[in-house]
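The structure appears below as structure tokens.
This chain uses plain numbering: 1 for the first residue, then up along the sequence.
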Amino acid sequence: MHPFSERLRAKIVERRTPTLVGLDPRAESLPEGLLPWAEAASWAQRAEAFGKFCRGVIDVVAPLVPAIKPQAAFFEQLGPAGMAVLAEVIEYGQKNGLLVILDAKRNDIGSTAAAYAEGMLGRESAWRADAMTVSPYLGVDSLQPFVDVAVERKAGVFVLVKTSNPGGVMLQDLQCDGGMVHEHVARHVERLAAETKSECGYGAIGAVVGATYPDQLAELRERMARAWFLVPGFGSQGGTARDVAGAFDSRGLGAVVNNSRGIIFAHRREPYASRFGSARWQEAVEAATLDMIEQLRADTPAGRLDKS
């Protein structure tokens, strides 16, 4: 198996898009009829509905995008049944040719960090994730187990550097020792990315950098030239294709741009609600995905992927 960075590059080039579809299932937003009597449904019934819904999304987007990003919390809230469905969704995505980035935002110190890494990273792990998200705020030694396992298993890690939520500035933009905290984190991520760099020029260690701060996004691309970016905040959080343009290199590579609610629940918002409605929710997913792909092609360097 090739390193994650090479597999991600190949998938992006093959699909001609850096679109990443986030799987954040919510009972109250599922299409009508998928989860009858939601308030009275058991945990197992909700988990079954989440699995059916996510598999339905995957059926639509698998030919269109390089990767999906299941958000672990939405499955974990359903207990053991939800966790079993998460494992099924990861396997189903991979069987359909998608890379799977598990959005778990884990970390701890010492052997606990190692347990997270060993349990989640790589297709030989229990969770089989191709990559996962990690918090850096327990320090350098807490990241190293993830780096070691990622290299050993040819997996990937995305470290939270500059997140899309407004409250993140409280800590991430705090001035400390000649720069903002997120800049210090970025410096370390770039070092790790350089140490794990593959032939495509990017390393196994990447960064989560939000679309909602486009100026800082562009600055961080300059600071982290060898790190893949996972860019949240597109769509429902207000980020646009122009906002994420700074995440890419001149080839249209270097980033995947996530859209969760804007795609998977497209049937609930215009213009897709009036065109498709809840009964044709998969068509709404497809239309929203294609619209995002076209927006990224038109307003970012990702349009150059069509010429590669």
Side-chain angles (χ1 to χ4, degrees), residues 1 4 7-8 11 15 19-31 33-35 38 41-106 116-134 153 155-158 208 230 232 235-236 256-268 281-286 288-289 292:
M1 183 178 291
F4 172 75
R7 288 185 285 137
L8 182 57
K11 281 291 182 184
R15 299 291 193 265
T19 300
L20 173 65
V21 177
L23 300 179
D24 299 9
R26 306 167 192 232
E28 68 274 12
S29 298
L30 294 182
L34 198 60
L35 181 58
S42 67
W43 300 122
Q45 288 172 322
R46 293 181 186 224
E48 182 181 358
F50 279 17
K52 183 177 181 180
F53 174 69
C54 289
R55 290 191 297 272
V57 172
I58 290 169
D59 288 340
V60 173
V61 304
L64 304 176
V65 305
I68 54 173
K69 183 178 70 65
Q71 167 52 259
F74 290 101
F75 299 88
E76 290 173 343
Q77 68 178 336
L78 302 181
M83 299 301 283
V85 165
L86 174 59
E88 293 169 4
V89 167
I90 292 171
E91 182 179 15
Y92 192 76
Q94 291 169 340
K95 283 184 176 179
N96 280 273
L98 293 164
L99 295 175
V100 178
I101 301 170
L102 180 58
D103 195 355
K105 298 183 177 70
R106 296 294 198 268
Y116 278 135
E118 291 168 4
M120 293 182 171
L121 272 178
R123 294 204 176 186
E124 63 266 54
S125 71
W127 285 101
R128 296 178 52 82
D130 294 293
M132 66 179 294
T133 56
V134 171
R153 297 181 178 173
V157 174
F158 289 94
V208 177
L230 191 168
S236 296
V256 285
V257 181
N258 183 72
N259 192 347
S260 299
R261 286 171 289 168
I263 285 179
I264 66 174
F265 300 134
H267 68 279
R268 296 174 59 87
W281 68 270
Q282 285 178 292
E283 293 177 64
V285 167
E286 180 181 40
T289 303
M292 179 176 173

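Atom CZ of residue R26 and atom CD1 of residue I264 lie 7.5 Å apart, to the nearest 0.5 angstrom. Remark: S29 OG to F53 CZ distance equals 8.5 Å, nearest 0.5 Å. Taking CD1 of I101 as the reference point, atom CZ of F158 lies at 4.5 Å (rounded to 0.5 Å). M132 CE to W127 CH2: the interatomic distance, rounded to the nearest 0.5 Å, is 11.5 Å. Taken from CD1 in I90 to CZ in R128, the straight-line distance is 9.0 Å, to the nearest 0.5 Å. To the nearest 0.5 angstrom, R123 atom CZ is 3.5 Å from Q94 atom CD.
The two residues L121 and A155 make their nearest non-hydrogen contact at CD2-CB, 3.8 Å. Residue P25 comes nearest to F265 through the heavy atom pair CA-CZ, 4.2 Å, listed as atom of the first residue, atom of the second, then distance. Scanning all heavy atoms of the two residues, the minimum distance from L98 to A67 falls at CD2-N, 3.9 Å. Of all heavy-atom pairs spanning A44 and A81, the tightest one is CA-CB, 3.9 Å. Of all heavy-atom pairs between V21 and N258, the closest is C-OD1, 3.8 Å. C54 approaches V89 most closely through the heavy-atom pair CB-CG2, 3.8 Å.
No donor-acceptor distance shorter than 3.5 angstrom exists from the side chain of R268 to the backbone of L30, with no hydrogens or angles considered. Counting only distance, with no hydrogens or angles, the side chain of T133 and the backbone of A104 share a donor-acceptor pair below 3.5 Å. Between the side chain of K11 and the main chain of G97, a donor-acceptor pair closer than 3.5 Å is present. One N or O on the side chain of R153 and one on the backbone of E118 form a donor-acceptor pair closer than 3.5 Å.
Summarising the local packing, CD of E48 is surrounded by 12 or fewer heavy atoms from other residues, nucleotides or ligands at distances under 6.0 Å.
Considering only residues two or more places apart in sequence or on other chains, R7 meets the salt bridge (Lys or Arg N to Asp or Glu O under 4.0 Å) condition with D130. Under the side-chain contact (heavy atoms from CB on, under 4.5 Å) criterion, K52 pairs with L34, R55, not counting sequence neighbours.
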(message) Before you tell me yes or no, could you show the steps for V100 and Y92 under side-chain contact (heavy atoms from CB on, under 4.5 Å), namely the whole-Å CA-CA distance, both residues' side-chain angles and the distance that decides it to 0.1 Å?
(response) CA-CA 10 Å; V100 178; Y92 192 76; over 6 Å; no
(request) Show the numbers, then the answer: is there a side-chain contact (heavy atoms from CB on, under 4.5 Å) between T289 and V60? (result) CA-CA 9 Å; T289 303; V60 173; 5.5 Å; no
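Under the 30°/60° scheme for interplanar angles, the aromatic rings of F50 and F75 are found to stand perpendicular.
Counting only residues at least two apart or on different chains, the salt bridge (charged side-chain N to carboxylate O under 4.0 Å, His left out) pairs with a member in residues 62-72 are K69-D103.
Here the side chains of F74 and L23 are not in contact, with every heavy-atom distance at 4.5 Å or above. With contacts defined as side-chain heavy-atom distances shorter than 4.5 Å, the pair K105/V208 does not qualify. In this structure, the side chains of L64 and T19 stay at 4.5 Å or more apart for every pair of heavy atoms.
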